[in-house]
Amino acid sequence: MAAVAELERRVMAAVKASAERGDPPLLQAAEAARCIREAPAFTPGGLALSQALVANLCFAHNTAAMWKLLDQAMLSRLVDPLHTLALLTPRVVPNRREQPEAYMLYLELLGRYAVAPVYPERMENKDMLAKSIDGAMQLSHRFGFQHLDFGHTVILFVLSLVDMLIDCILDDCGLPVTSADEHGNRKDMNFNGKGRSFDRGDEHREHLRRKNILMSIEVVEKVTANKITQVFLRLVNRNTPENFNYLLRKLHLIGALKKKNALSPCNLLDSLIVNIQNAISTGYQLDRKRLLGVPVSIQPCSSAIYSIFVTGKGSCWIPFDMFMENAMDGRHLHTISSVEYLTELSKTLQVLNRATWQETFQALWISALRLVQRGPDASEGPFPHLDSRMCMLLAIIPLSIATIVKEEAGNLKGETTSVIRGQLVSSLQILRQFFGLLSPPPATVHLANAAARKAAVVLSNLKTGSENMYSSFKDSSSIKAVGNMLHLIVEACIARNLIDASAYFWPGYVVPLKESSPVQASPWSSLVEGSPLIELKDALMVTPASSVEELEKLYSFAVSGSPEEKLAASKILCGASLLRGWNIQEHVVQMVLKLLSTFLPLDSGSEGRYVQHMPMLHALVSGISSIDTVHILSLYGLVPEVASMLMPLCENFGSLPPSDHRSCKLEEASVYSVFSCAFLSLLRLWKFHRPPIESALSRRGVSVWSELRLDFLLLLRNSHSSLKNLSNVTQSSIFELDPPFQKPLYIDSFPKLRAWYFQNQACIASTLSSACSRTTVLHVANMILKIICHNKVPKGGVLSVNPQSTANSTTSSSPAGVQEDMCQWPTLPAWEILEAVPFVLEAMLTSCAHGRLSSRDLVTGLRDLADFLPASLAAIVSYFSAEVTSGIWKPVMLNGMDWPSPAATLPVVESEIKEALAFAGVHINICPRPRSAMPMLPLPIAALMSLSITVKMEEFSHLHGIISQGIEICATSSSWPTMQIIGALWSQKARRWHDFIILTCSQSPFTRDNTAVAQLIRSCFSSFLGPLVDGRSCSVANRGVANLLGQSSDEKAHRLAVAPGFLYMRSCRLFPNNTFVCEEILEVVIERAHALANDRSSDRPARLRSECLPLSAASSLVEQIASLAATMLCHAGGVNLIRLLYEQIMPTLLLSGGEAKLGSGGMVCSIIEGYTLAYVLLFSGATVWGVGETSPAYTLIYTSKRQRVLDRHLEFMARVMEGNIVLGCGDATWRSYVLCFVNLLVSFVPAWVPEVKLNTLQKLASGLRRWHEGDLALSLLELGGAKTVTSVVESLLR
């Protein structure tokens, strides 16, 4: 301290000596600086000089000359302005009333230098400056930081100055300043000077004090209007929003100051408020005009321009339509709830389309209504029908909207009314304009009328003055009304508290229907009133419940009723209420799963309890095994939870011996039937019996997801349980399982299932000779062979498995004493039977191939085995699929004698397959190889196909998920096309399913033929955007969503009219090479970009030039192309393909040279190329990853790899801009691509930027500055989070 005091004394002595010589203030400051340089160097000269000057100025030498000297020192940068202001502030501001002259001069310096600070170049000076400012202003203490770097010091110092000036204004005007203790942990310095006494008698000084108030307003307005200051405040808001919110609260007090008319310059107060608000809202805006160098439209996708140049307003929302159609594919079960996925997709499209929530919700409803209208109502087949489509419209979408509304309510915190709810109501009211989409399917007309009648009853009760407008609903049997889909949608929203009953008063909502026939009362009302459950069982099975109260009444019977009532309640829950109780469907699903968990034992080894609850378990498992029910559970994202409940059933019932030797009937409750239902349902839920085709696809370039593994299924279930945030379903209080069922589950918890699973994998991966050597398994296999092949082998022998070599089967004489038991099945646990089935199949298949077992006897034996234990179908399908993949079995003749013949229907089937493909724009030869006179199939396929034909129709629907997909796997794994032969055989068996069979067979060419895939992709673009003729767009009437995905069933011109988009969505998961798919889509995108450039070319005749497409319209059309391309990419390959697109495919495309390289088609063409590719890339990532923070469950499946993938692509960009990588594309294309992608990144997905590494952002920003894109570079760094604050500050202060 003595050394500091001595230094200050010497500085003042030098200043006085210079003043006495008559030197100007600048020379006086230079003398002081010389004195500092000659002193011992314990502090950098500039910092020491400012400390010495401020220490003498406040207030020992508080003279005008000293203030002039300090001004000159700051102006000449002998002292750092920020440091000097930091030293002055805690000395002058608290004494502003006693020293109004000093405060006035301080405000002048603040207004002059706070907006033009200087940047210290040397790192050590920067650290020293930050430490000195922090110490002077106590920033770390005030804002709760342990350590502040240079960037955070500067922005918090600026925040403190603004905050301090506002406090001074409020305090000097007599308004109370908000206490820091009431708003967080802010520890403000005492800037208001309370408790200090000063003399009010001096009129001059009192005038100065009043003048200082006005001057403070002018200074703070000037400071906050500065662009650099606004960036600093925006950095504070983004990185420490709690500190910025503290400043925003004081704006309300500024408003109160205006109302009191305490100050005359209200315009400055208004400017101050606007400046601070601009610091929040003002950021980098996507400027396509600068990017393309021409006037470009920046209207949202829903604006009028799209109805002129594009396929209509709805084309902006094509991801909604394609997702919903994809969700209706019953062969694919989802890893996450459709509620959750649709919620994130809605947020994404709302941002990308720059739309309001009203437009977003309206697009959701219209897409779902189109989905219902496209429903194959008249077609039959084992696929999800109308119930699943109505579930999407009336359950999934309302739940998604409810999630969005709930998030908004959490952000509002009760401060204001919900804007989103009002926009939801507006979107529903607009739906009344879409008459064609609101027509209910015939099966739902009575439900729509019932919904309309409910509104009519409410209005009738209000007119009659009833106290409760719902009280007489059941008594108003004479009131009827005409309903449509809007009435069902409104009721679904009311049931979930999204809107209220005021919707009933909308003009024209209730249309009375004059009929005399009374409305039949609901059986659920009778149940609630106390009628016996058993008497109402049949009616309740086919009538969906209408309220949660009715469900709770039924659930009480299922839990505490008699055994007969428990069984009836279990069946009723899985009936119409589960399939068609859309308003309360999530509650029904929860109750079914909770009831299933209730019947499961809480401890291992309690077989008696399983047997005790066997009828209820059989009813529940059978109820959730139907095609529509499994699909609905998948839509709710509950596949892992359901599977985890089926596993203990499989484990325990598979370990119990049957009570008799009879064949198993799935409709009757028995040990084998419960096990078979549970086991087959488990396989259908996750299809982990499909490795052969997945292995084959891996070799052909298709990325295979790890979710096909059983252990991944359990891992996902455990993750959902730990996150407790799977979807709205699992957040409900109803979905609360007992604690044992909430604990993590592992495959080791089910040793029998684990043993079969690994044995199945071993059988697939290798020959059976190395799969098992246990004699007990071979003994069981021999027992089964003796039963199913008794009297079917020539010369009185029976088939047996040779213990020495399981690779071959032998014929041996029957052991003595076994003849009496030949036809009696063993009473063995199901797991022991399943373990032996592969050896039985190998013996039978080998004997048939060598002519020792006839084809009829082979099929009959397989059928006997499936009748005895239906679960054996899983082993049969798995084994035959593996054998087809191995390719060692010769084909057999389908001559109609040994094997069924398809000859009668094969020509018709092939013709209709070609016709369906032609409707979709695919023209290929479905039989590329010359066919023999007699159709042939590989022996395993022929055996499996013949087995499927023997299954009864009423059973086939239940078993189709195992058999038919196994046959499809075999067909696609075969070395030559066989699906048309299979289709011909199936069409003979199930004539009612003919259209379904043709559609299924039409998908087969895309599993092996890249030419067919390429034609389908191009057909999708042409149907949606219109065809290209001579490299130019051709305007046609038939384009858009309806042309891409298909029209309603009533509008179809032909029953086999398959839309290209529909066919794409059904076949994209089994494309042979996803890399080829991505490259083909990008090639089409580039062609479309060229067409847009050609559409505005000026080489047309003069009379046609006015018809050229403006570039502004072309840039808007790019978004349509990108939206379709991104959606097709996401559905074809999911997260893995998008990762490849970012990391490999797009960089390779930009690096490629040659004649067809990017950027070789002229300037405009090159610009639109890069522009379009950037849109495709960002839209693809946003569609999969979301635009911001996503839920934990969504992040687990989709968003977790975003950070790494995005960082790698931006690193690639940065290295190219540094010159470390040489491009193959043109410079215009590259520049357009980079600028557009970074523009989109900053404008649409700013939440992605903080995930990128600091070094990558800095290099990319440097490259942008070299391109004179400083604003874009600054905005990119601004969004980088706390790690980039110093970089932003340095770039602004340089």
Side-chain angles (χ1 to χ4, degrees), residues 149 151-152 155 230-241 244 279-288 291 344 347-348 350-352 354 1126 1138-1139 1141-1143 1146 1174-1190 1194-1195 1198-1218 1233-1265 1267 1269-1292:
D149 58 16
H152 281 86
I155 65 172
Q230 290 195 354
V231 173
F232 289 168
L233 293 178
R234 189 158 58 246
L235 288 173
V236 173
N237 181 46
R238 283 174 174 157
N239 296 283
T240 58
F244 193 83
I280 307 175
S281 58
T282 304
Y284 191 85
Q285 301 297 324
L286 178 60
D287 189 354
R288 287 182 279 186
L291 178 64
E344 297 300 334
K347 297 176 186 176
T348 298
Q350 192 256 347
V351 171
L352 297 182
R354 303 172 297 284
I1138 302 306
R1139 177 183 60 81
L1141 175 65
Y1142 272 74
E1143 294 181 354
M1146 188 65 77
Y1175 261 93
V1176 171
L1177 189 70
L1178 186 122
F1179 276 33
S1180 300
T1183 303
V1184 171
W1185 299 326
V1187 293
E1189 183 180 358
T1190 57
Y1194 191 93
T1195 301
Y1198 295 104
T1199 316
S1200 56
K1201 299 295 191 300
R1202 181 176 70 192
Q1203 175 180 356
R1204 185 190 69 179
V1205 174
L1206 179 65
D1207 185 79
R1208 287 183 177 179
H1209 190 74
L1210 293 182
E1211 177 67 21
F1212 161 74
M1213 283 185 178
R1215 293 180 64 189
V1216 173
M1217 297 176 78
E1218 288 180 331
Y1233 171 77
V1234 172
L1235 292 182
C1236 183
F1237 185 79
V1238 179
N1239 264 283
L1240 296 173
L1241 196 67
V1242 170
S1243 302
F1244 290 156
V1245 286
W1248 292 9
V1249 181
E1251 301 172 353
V1252 182
K1253 295 177 182 176
L1254 174 61
N1255 185 46
T1256 302
L1257 291 175
Q1258 290 175 332
K1259 290 191 294 184
L1260 190 58
S1262 299
L1264 291 172
R1265 291 193 196 97
W1267 283 357
E1269 295 289 340
D1271 290 343
L1272 181 57
L1274 179 63
S1275 296
L1276 181 67
L1277 290 175
E1278 276 188 51
L1279 297 171
K1283 64 179 181 291
T1284 61
V1285 169
T1286 296
S1287 298
V1288 175
V1289 172
E1290 290 174 354
S1291 66
L1292 291 172

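The shown structure was predicted, so the numbers you read here are calculated from the model rather than taken from an experiment.
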Does Met1146 form a side chain to side chain contact (heavy atoms under 4.5 Å, CB included) with Tyr1233? I'd like the steps, not just the answer. CA-CA 11 Å; Met1146 188 65 77; Tyr1233 171 77; 3.4 Å; yes

Determine, stepwise, if the pair Leu1279 / Trp1248 fulfils side chain to side chain contact (heavy atoms under 4.5 Å, CB included). CA-CA 9 Å; Leu1279 297 171; Trp1248 292 9; over 6 Å; no

Non-hydrogen atoms of Leu1254 and Ser1287 that approach each other most closely: CD1-OG, 4.1 Å

Within the distance-only criterion (no hydrogens, no angle test), does the side chain of Lys1283 pair as donor or acceptor with the backbone N or O of Gly1280 below 3.5 angstrom? yes

May I have the step-by-step check of side chain to side chain contact (heavy atoms under 4.5 Å, CB included) for Leu1178 and Leu352, ending in yes or no? CA-CA 10 Å; Leu1178 186 122; Leu352 297 182; 4.1 Å; yes

Salt bridge (Lys or Arg N to Asp or Glu O under 4.0 Å) between Lys1259 and Glu1211, intermediate numbers included: CA-CA 8 Å; Lys1259 290 191 294 184; Glu1211 177 67 21; 2.5 Å; yes

Side chain proximity check, Arg1265 to Glu1269, heavy atoms < 4.5 angstrom: no

Do Trp1267 and Leu1272 touch side chain to side chain, with heavy atoms closer than 4.5 Å? no

How far apart are the C-alpha atoms of Phe1244 and Asn1239, what are their side-chain angles, what is the distance that settles it, and do they pass the side chain to side chain contact (heavy atoms under 4.5 Å, CB included) test? CA-CA 8 Å; Phe1244 290 156; Asn1239 264 283; over 6 Å; no

Pair listing, side chain to side chain donor-acceptor pair (under 3.5 Å) test, anchored in residues 1178-1190, at least two apart: Thr1190-Thr1195, Thr1190-Thr1199

Does Tyr1142 reach the main-chain N or O of Arg1208 with its side chain, forming a donor-acceptor pair under 3.5 Å? no

CZ of Arg1215: more than 12 outside heavy atoms within 6.0 angstrom? no

Backbone of Glu1143 reached by a side-chain donor or acceptor of His1209 within 3.5 Å: no

Distance-only, no hydrogens or angles: does the Arg238 side chain make a donor-acceptor pair with backbone N or O of Val236 under 3.5 Å? no

Ignoring hydrogens and geometry, is there a side-chain-to-backbone donor-acceptor pair from Thr1284 to Gly1281 under 3.5 Å? yes

Any side-chain heavy-atom pair of Leu1240 and Cys1236 under 4.5 Å: yes

Provide the closest heavy-atom pair for Val1187 versus Lys347 in the form atom of the first, atom of the second, distance. CG2-O, 4.1 Å

Which value, rounded to the nearest 0.5 Å, describes the distance between Phe244 atom CZ and Leu235 atom CG? 11.0 Å

Between Asp1207 and Gln1203, is there a donor-acceptor pair closer than 3.5 Å when you use the side chain of the first and the backbone of the second? no

With rounding to the nearest 0.5 Å, note down the distance linking CG in Leu1274 to CG in Leu1292. 5.0 Å

Heavy-atom check, side chain of Glu1278 versus side chain of Arg234, under 4.5 Å: yes

Mind checking whether Val1238 and Leu1264 have side chains closer than 4.5 Å, heavy atoms only? yes

Looking at every non-hydrogen atom in both residues, tell me the closest pair between Gly151 and Thr1286 and how far apart they are. N-OG1, 3.1 Å

Ignoring hydrogens and geometry, is there a side-chain-to-backbone donor-acceptor pair from Ser1291 to Val1288 under 3.5 Å? yes

Under 3.5 Å, is there a donor-acceptor pair between the side chain of Asn237 and the main chain of Leu233? no

Interatomic spacing from CG in Leu1241 to CG in Leu1210 - rounded to 0.5 Å: 6.0 Å

Minimal non-hydrogen separation, Thr348 against Gly1186, with atom names: OG1-CA, 3.6 Å

Determine whether Phe1237 and Met1213 make a side-chain contact, defined as any pair of heavy atoms from C-beta on separated by less than 4.5 Å. yes

Nearest-0.5 Å distance that lies between atom CG in Leu1276 and atom CD in Gln1258: 10.5 Å

